[in-house]
Amino acid sequence: MSGELKKEQVLKIIKSKGKEKEQLLAILLEIQQASGQNYVDKKWARLVADELGLPLTKVYDALTFYAMFSTEPRGKYIIEICQSAPCHVMNKAALVQMFEKQLGIKMGETTPDGLFTLQYSACFGACDLAPAVKIGEKVYGKLTAQKVAEIIANYRGVSVCPK
Ligand code: FES
């Protein structure tokens, strides 16, 4: 996990985007990525509002409207399990159980090592793989407990013995 973001780093991100109001989402996204904990701290939301000349409520509107943002620390890897109808009917519940069991946490929680957060998501267009899971830009589908174990081990950088 990287250390806490410094004010200079955040100002640099804002400056690199040109301080345009239209850049709000791009700025918030970059701050979130640079945080190392997948979130935008409240103090950085305030700084962004000041620098862009926006009301703080406008920044919070963006942070709360878009599911990709969080104002609370999350895991380095966000595991998004689709809960839209096609994935739901293809037994999304079993998939949720596999991830919860493998990680030892419940949906909405983060592993104690700060590596993984489990959360629900709306359809991300991988319905043919239902029930589908997205981790960062990668999409996985038709998973078994063994495959889930392998995926988690992969992100942890360890190998899993096949059963
Ligand atoms: S419904 Fe789950 S990815 Fe489309």
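For reference, positions follow the sequence shown, starting with 1. Counting starts at 1 for both ligands and their atoms, in listed order.
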Legend entry - Residues in ring-ring contact (aromatic ring centres under 6.0 Å, His included) contact with Tyr77, at least two apart in sequence or another chain: Phe116, Tyr155
Legend entry - CD1-CD1 distance between Ile81 and Ile79, expressed to the nearest 0.5 angstrom: 7.0 Å
Report, one line per pair, each donor and acceptor closer than 3.5 Å where one atom sits in a side chain of residues 88-109; sequence neighbours left out.
from: His88; atom 1: ND1; to: Lys92; atom 2: NZ; distance (Å): 3.3
from: Asn91; atom 1: OD1; to: Ala94; atom 2: N; distance (Å): 3.3
from: Glu100; atom 1: OE2; to: Met107; atom 2: N; distance (Å): 2.9
from: Glu109; atom 1: OE1; to: Lys106; atom 2: N; distance (Å): 2.9

Inset, instruction - Using modelled atom types only, decide if a donor and an acceptor are shared between the side chain of Arg74 and the backbone of Asn38 within a distance under 3.5 Å. - result: yes
Inset, instruction - Taking Ser70 for its side chain and Glu72 for its backbone only, find out whether a donor-acceptor pair lies under 3.5 Å. - result: yes
Inset, instruction - Spell out the protein N/O/S atoms under 2.8 Å from atom 2 (Fe) of ligand 1 as residue plus atom name. - result: Cys82 SG, Cys87 SG
Compile the donor-acceptor pairs under 3.5 Å between side chains in residues 43-58 and protein atoms, sequence neighbours left out, one pair per line.
from: Lys43; atom 1: NZ; to: Glu4; atom 2: OE2; distance (Å): 2.8
from: Glu51; atom 1: OE1; to: Lys19; atom 2: NZ; distance (Å): 2.7

